[in-house]
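Here is the structure we will look at.
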Protein chains: 2
Amino acid sequence: MTYALGIDFGTESGRAVLVDCADGRELGTQVYEYRHGVIDERLPAPDDDVVLELDWALQDPEDYERTLQEAVPALLSATGVDPADVIGIGVDFTSCTMLPTLADGTPLCTLDGLRREPHAWVKLWKHHAAQPEADRINEVAAARGEPWLDRYGGRYSSEWFFAKALQILDEAPDVYERADRLIEAADWIVWQLTGVETRNTCTAGYKALWSKRDGFPSDDYFAALDPRFAHVVDEKMSRELAPLGARAGGLSERAAAWTGLRPGTAVAVANVDAHVSAPAVMVIEPGTLVAIMGTSTCHILLGEREERVEGMCGVVEDGVVPGLYGYEAGQSAVGDIFGWFVRNFGGEHEHLERDAAALWPGESGLLALDWWNGNRSVLVDADVRGLLVGMSLATRPAEIYRALIEATAFGTRVIVDAFERAGVPVERIVACGGLPERNRLLMQIYADVLGLELGVAASAQTPALGAAMFGAVAAGAYDSIAAASRRMARLSATVYEPNPAHRETYDALYTEYVRLHDLFGRHGDDVMRTLKRLQREPQSTRA
Amino acid sequence: MTYALGIDFGTESGRAVLVDCADGRELGTQVYEYRHGVIDERLPAPDDDVVLELDWALQDPEDYERTLQEAVPALLSATGVDPADVIGIGVDFTSCTMLPTLADGTPLCTLDGLRREPHAWVKLWKHHAAQPEADRINEVAAARGEPWLDRYGGRYSSEWFFAKALQILDEAPDVYERADRLIEAADWIVWQLTGVETRNTCTAGYKALWSKRDGFPSDDYFAALDPRFAHVVDEKMSRELAPLGARAGGLSERAAAWTGLRPGTAVAVANVDAHVSAPAVMVIEPGTLVAIMGTSTCHILLGEREERVEGMCGVVEDGVVPGLYGYEAGQSAVGDIFGWFVRNFGGEHEHLERDAAALWPGESGLLALDWWNGNRSVLVDADVRGLLVGMSLATRPAEIYRALIEATAFGTRVIVDAFERAGVPVERIVACGGLPERNRLLMQIYADVLGLELGVAASAQTPALGAAMFGAVAAGAYDSIAAASRRMARLSATVYEPNPAHRETYDALYTEYVRLHDLFGRHGDDVMRTLKRLQREPQSTRA
């Protein structure tokens, strides 16, 4: 018996899963809740007099180390597995989550003089304060006609690597100067495990403008953003990228001591939570869209060619599975919208679900645009907002709840249509993440709205399972992630088939959705942006 | 000391108020809750196996008689007033609320053979099942170029007299045949008080197409609707109309026995709840819009001339105050929308009000269209529905609550703008009804959105006070309703002035409101109607 360890570094916690290399069977799970969680109001004590600005979101890199030190030993102890039988380790991470370090990997925020400097900490994926930098990146790229912009749906996000790096340079040039390395937390934790700095192609491709064929953008481009930024790749990053599935190194003595595993155990190159999920749900070929559905949804799709798909987050050759183009799209709020509704408007999820399930399509007379957190794909517009139309005095909460579910399904269909239009086929969908296993109604509505068969992951720990699979590959148990996927991944027996009786009504509702989507999303009517502008106007202009 | 009695027949109850003729001081109020209230699901026991169709709303005429028999004696007893000092009685009623009777006024629904026939009962104002008949009335009028259509904003409502009468003919020709009279409940209750059938010019003008100059539409027109309907006016109604403020007759012996008042006491010609409110809030001249704000809002405005105002409910010469044109407009849901929100989405009114009051205009980023019950003015479209735009994950219930209040204020501003455009000036507003006294925030928002000074009725019983004033005029205590109004009506000391600091933002929001109003209301985008169509499609087409 050999085992692989997968560690999934999420937004609130780290999660370690031990998996049988032969068949993917999960032996156990241990979760470490980050001590400092998401740092978005003030720095942790004793520096909690340092207040963060709006839209900031930081993390403490020591929370990642503590995950290794606490969750992994607990997992070994709980499962009784002999550390000698654990042959490989893989990690996946949120992304782009990045930090500045010294040349030896020491996070700047752990240095005495920099502890109170917010820019010295880890910038979490949902740190949204680098919008001015993202705007500059886009404007300069458009002005220069940079060829890579198309691969990112025509727009670089404020969440991504160079926006965050440039914000450090703009606002804290001393920190930027002091940083020997700027690195994805995914690669940083692999560095802590192995003692070797590696950079994975997935985060480089999706978040840092790297491509297998063209590498990074030119120094001229970076210089046009800021002369001091001209050599950011060579000075702070690396042009050497390690492919997914490769062995980053062996477990260091120090990390072995932390985890209780054997020194030298194979550690895989880092990966991203969404992307690592595809092979974990048996998606290693084109045609199946993986929907990782939680507070937001991330979509992963494989294609044979690089096509221009409207408003994608990115397309990266070998970015998910070697030999194929990995497309990423997303919806910036899904479970978050349902949670918002339940939290603000009372009722219990179970009651709402039951009452909403008793409705037939169209019965409520409601239609929503699911933009409570902007639109990530295909509009790539953070300033659009939610819309609900059709309310009468007879409208009930469960009807609104169902309309919100339907709206997110229509949003997914817009993304699927964009893929199809661009010649990247979508024949079925496999869902994983927190939402699918708890929400049968949600799944059936998605199948009905999309007119596609919907499979569901068997594992509740999809990303960690995927990470473990890459660990098994790094250890040589399989010669490719595809081979590992065929043996170690599994889908639930539950398959949601579209109900043909719902087809016509959902097609009619989707037609309405698309028209409103284009009207409010493509500047036919700018009410959403106007409202946002009025919202931002300083209160002082009013009495 | 002389007193006048006002009786306000509402939707759920009848309310009697005793008033000092000299200064309008209210001595007391008694309310009779109708035993059968609104009959909208099944007929009252023992006939409760008779189920009503959707959109029906009936009442029991005996509930009106019981109001006289219970509320009035209780009021005399509670106030200790000598019946000999009560010199006049006035009534106001919901409208168009109508019923079929025998020649002596006996309601058909009280006859043994017709008790189980829904069409024999009183059709309440909000009976909405006569839409096909209203459509026919409009189509035939448009085809024939009937000149009166303009006075009703180009559209006759399904709530009004001839739509309801025609529905009886269409669906229950025997009942129509049996009915010697078709009469407004307002006039019917005056008939019960006096033993004399009269017809008031207010309901005739606003609900039955009568005008002082042209009388009723021609028999040819009615014949074009249905040959059997050709002589409806002469056969079932009357061409003799009694002006507002006139004496309908003296209290009959029978009614004196019911009420405890003296036989022969002057009874005024009937009036309508909204219209009777104008003199009760001192509005007897052009320039001041009366807003009767409750579950819905009715607007009354006086003008010197008959102008074409878009989407008005009606304009009637002498319809409110003799010598002036009375314009009526309306918003079909106001308090009903706030009630819907509180009922469905929890929270307490007081908390929502307090939290909403702490927001500044535009802060929520939300905007709504207040069409939860369609749009009465200026679109005259029952099929449009509510819309809410601008929601984010940070949106709180109090923000939505405030946006709903603002939406109804914007809706009022659209009506005011239509009046102004047509040359009927609106210089200030006086609010009465159930909402104003309880909702300071609502009043301030209206003043801010409209940019107009907002006065509030002093009396909580505005319609009953107005009715009593007409009773005083009928008794000869004053020679005109204007003279009575100057002495008996009063406004609250509270006046809401527009906050100039809110002007700019509300103007900007109103611009957005009007654009969405026109887009979704004037067929720029028909999503609301499409949703309503999908909602109506039979469930059987779906599995």
Side-chain angles (χ1 to χ4, degrees), chain A residues 295 333 336-337 339-341 344-347 360-369 371-374 385-397 400 499-502 504-505 508-509 511-513 515-516 519-520 525-528 530-537 539 541-543, chain B residues 295 333 336-337 339-341 344-347 360-369 371-374 385-397 400 499-502 504-505 508-509 511-513 515-516 519-520 525-528 530-537 539 541-543:
Chain A
T295 54
D336 267 351
I337 300 181
W340 168 86
F341 186 77
N344 281 289
F345 303 104
W360 68 85
E363 182 177 352
S364 70
L366 297 174
L367 182 65
L369 290 177
W371 301 342
W372 265 246
N373 193 22
R385 282 291 171 264
L387 180 141
L388 183 65
V389 60
M391 290 78 84
S392 80
L393 295 172
T395 298
R396 292 177 294 113
I400 296 178
N499 180 342
H502 291 175
E504 196 183 326
T505 304
L509 288 170
T511 300
E512 301 299 310
Y513 178 93
R515 205 185 53 257
L516 294 181
L519 175 67
F520 292 107
D525 188 299
D526 265 346
V527 62
M528 293 175 183
T530 304
L531 290 172
K532 201 140 196 287
R533 179 177 56 72
L534 290 171
Q535 197 173 18
R536 284 168 179 157
E537 277 185 6
Q539 185 174 4
T541 65
R542 303 173 178 97
Chain B
T295 54
D336 266 352
I337 301 180
W340 168 87
F341 186 78
N344 281 289
F345 303 104
W360 67 85
E363 181 176 352
S364 70
L366 298 174
L367 182 65
L369 291 177
W371 300 342
W372 265 247
N373 193 22
R385 283 290 171 265
L387 181 142
L388 182 65
V389 59
M391 290 79 84
S392 79
L393 294 172
T395 298
R396 292 176 295 114
I400 296 178
N499 181 342
H502 292 173
E504 196 184 329
T505 304
L509 288 169
T511 301
E512 301 299 310
Y513 178 93
R515 207 185 51 257
L516 294 180
L519 175 67
F520 291 108
D525 189 298
D526 265 346
V527 62
M528 293 174 183
T530 304
L531 291 172
K532 199 137 196 287
R533 180 176 57 72
L534 291 170
Q535 198 174 17
R536 284 167 179 158
E537 276 184 7
Q539 185 173 5
T541 65
R542 305 176 176 95

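Below, chains carry the letters A, B, ... as their sequence lines are ordered, and counting in each starts from 1.
- A:L531 is listed as a side-chain neighbour of B:L509, based on a closest heavy-atom distance under 4.5 Å.
- Heavy-atom pairs under 4.5 Å with chain B were tallied for A:L366, A:N373, A:T395; the largest tally goes to A:T395.
- Contact annotation for A:S392: both backbone and side-chain heavy atoms come within less than 4.5 Å of a heavy atom of chain B.
- Side-chain contact between B:T530 and A:T511 is absent, with no heavy-atom pair separated by less than 4.5 Å.
- Heavy atoms closer than 4.5 Å to chain A are found in the backbone of B:S364, but not in its side chain.
- Looking only at side-chain heavy atoms (C-beta outward), B:L516 and B:V389 come within less than 4.5 Å of each other.
- Closest of all the heavy-atom pairs between A:P361 and A:H502 is CG-CG, 3.5 Å.
- The candidate from B:L387, B:L393, B:D526 with the greatest count of non-hydrogen atom pairs under 4.5 Å with chain A is B:L393.
- Under the rule for a side chain to side chain contact (heavy atoms under 4.5 Å, CB included), the partners of A:A368 that lie at least two apart in sequence or sit in another chain are A:L388, A:L404, A:A407.
- Your options are B:M528, B:E512, B:K532, and the one with the most heavy-atom pairs under 4.5 Å with chain A is B:E512.
- Heavy atoms closer than 4.5 Å to chain B are found nowhere in A:L369, neither backbone nor side chain.
- For A:R533, no part lies under 4.5 angstrom from a heavy atom of chain B.
- A:F345 is linked by a ring-ring contact (aromatic ring centres under 6.0 Å, His included) to A:W340, A:F341, B:F345, counting only residues two or more places apart in sequence or in another chain.
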